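Each remark here refers to the structure printed beneath this line.
The sequence lines fix the lettering, A, B, ..., with proteins before strands; numbering per chain opens at 1. Please read all numbers here as calculations on a predicted model, not as lab measurements.
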Protein chains: 2
Amino acid sequence: MQAEATYLKLSQQILEQYADLPLQRPLPSEHELGALFGVNRQTIRAALEELERRWLIRRVKGSGTFRTRRYEYRIGPDIAPSFTATVRASGGDPRTENAKPVTRPANASEREILGLPANAQVTVLERVRFIDGAAVSTATSVLPSARVPRLAAVIAPDDSLDAVLRRHYGYTPVRQWSQSRLASPPAQIAEVLRLRGRPPQILLRGLVSCSETGQKLEYVESFLRPDVFDVVTEVGKW
Amino acid sequence: MQAEATYLKLSQQILEQYADLPLQRPLPSEHELGALFGVNRQTIRAALEELERRWLIRRVKGSGTFRTRRYEYRIGPDIAPSFTATVRASGGDPRTENAKPVTRPANASEREILGLPANAQVTVLERVRFIDGAAVSTATSVLPSARVPRLAAVIAPDDSLDAVLRRHYGYTPVRQWSQSRLASPPAQIAEVLRLRGRPPQILLRGLVSCSETGQKLEYVESFLRPDVFDVVTEVGKW
DNA sequence: CAGTGGTCTAGACCACGCG
DNA sequence: GCGTGGTCTAGACCACTGG
């Protein structure tokens, strides 16, 4: 049996040594840590990579290495997750940015999911969510255009889609089903989330319908950074 | 804006080049790939690490680098996941290994979850699951000892716990609730799963009760390797 | 025993962020 | 402009797997 590698022992030491560092304060630089522990910088990097894999630190080129915190995000039959409320409650500064909605013909899978006829149009809304200025999740909502006429003219870049559905269109949106899994994001989304490469992210899919009529209102696909969100998906009776 | 790094371009090239390689055949060695693409071995390693992060390849010391396949594993209100059936259906060779059950006093959290009185005993069963000889998941089941007397004498190393509960004890076990999230496993479990370091795994928690009486039978915590299982957790009406 | 991937060193250049 | 982390090279030794 082989002894534990240097970089794994170092990762444990670094973890303990800087456990109480404020979240805004950087750890010593990789060069400094190398000197401190008497090892090559690449060995320090291997140790930090282990901690980064475990979502305990985050490294930012040009700025430094920082401790992280994850936001618990529960998804269950009776839980309607609110991004803004969750983050605010934990002392973070959340922000949502809507792109301009685009209207186009629905493809086969969208028609299937939303129960639309062959020539239906859908309106697609891309959103990016930020915490303290960093992009942490994307969401793509697909809505039947007939149910949200002139959405592009109605929604502002920082509006909540849920609020617009309620106030402007008079719907009562409820989550009909949700699904979570891990998946490698498309390159474009990886770029928005400022990932290196395309590491797997948490993929949430869901269908929102109207409480009164049962009409299908919105199909949403969302990628969440697992280093930021501790997503807990709950099934069954609680 | 900076051009894409060499190792990321290489990872894409390698992916395309060896997309059709049989699962049992290794890719060329890191040294060979370095020579083929005219880059240093560490650059090849960075490319392979990217593919490993995305669970597209798996590297085995002493043997080589192989393409991987993931098993879809659905968890939902009406779905009782069966490891053995799922894997067999996909052409894999599943095996389960039970450790010897241990009986000890229940701790506070176990009493809370299982609804047990202060001085109750629990019987704890550790299991490891293998596919084609590789450890892919662990499970720890905690059962009220009073409901499964002499479990240690009854269960064989390769028995299914579900089957023993049905046949020997006459229960009809049903899943009452399940929960999935990502978590760094304890060092001991990381070792069993042969992970390097302690990268986050899929943590499944669940409660099994008796269909007729509603008695709580089993609390289970399970770690699944995300490179092996594509766990899909479904919530809501389908 | 030969070949594999895992670890570690020494050094270099670069893009990025912040002041 | 300076210090940060990101990338890349060259070379070395090791533990593990398989025949």
Using whole Å, what does the distance between atom [atom2] of nucleotide [N] and atom [atom1] of [X] come to?
X       : N       : atom1 : atom2 : answer
L10(B)  : dG6(D)  : CG    : P     : 19 Å
Y7(A)   : dC14(D) : OH    : C1'   : 14 Å
I44(A)  : dG6(D)  : CD1   : C1'   : 16 Å
L33(A)  : dT4(D)  : CG    : P     : 10 Å
L195(B) : dG6(C)  : CG    : P     : 13 Å
E32(B)  : dG5(C)  : CD    : C1'   : 13 Å
R194(A) : dG6(D)  : CZ    : C1'   : 14 Å
L27(A)  : dG3(D)  : CG    : P     : 19 Å

Just compare [options] and give me whichever is closest to any side-chain atom of [X].
X      : options                : answer
N40(A) : dT4(C), dT9(C), dT4(D) : dT9(C)
A5(B)  : dC8(D), dG5(D), dC8(C) : dC8(D)
V39(A) : dG6(C), dG6(D), dT9(C) : dT9(C)

Looking at [X], I'd like to know whether one of its side-chain N or O atoms comes within less than 4.0 Å of OP1 or OP2 on [N].
X      : N       : answer
S63(A) : dC18(C) : yes
T43(B) : dC8(D)  : no
S29(A) : dT4(D)  : yes
R45(A) : dG6(D)  : yes

Practice item. Mind checking R196(A) for me? I need base, sugar-phosphate or nothing, with any heavy atom below 4.0 Å counting as a touch. Key: sugar-phosphate
Classify R41(A) by what it touches in the nucleic acid, base, sugar-phosphate, or nothing, heavy-atom distance under 4.0 Å. base
Heavy-atom nearest nucleotide on DNA chain C taken for V60(A) and for A46(A); more 5' hit belongs to A46(A)
Is the closest basic N to carboxylate O distance between [X] and [Y] below 4.0 Å?
X       : Y       : value
E218(B) : R175(B) : no
R95(A)  : E97(A)  : yes
R41(B)  : E30(B)  : yes

Just by distance, no angles: are the side chains of T6(A) and T43(A) close enough, under 3.5 Å, to form a donor-acceptor pair? no
Next on the checklist: For R205(A) and Y219(A), which I'm curious about, is there any donor-acceptor pair between the side chains at under 3.5 Å?
Outcome noted: yes
Requested in this report: Decide yes or no, distance alone: a donor-acceptor N/O pair under 3.5 angstrom between the base of dG11(D) and the side-chain of Q42(B).
Outcome: yes
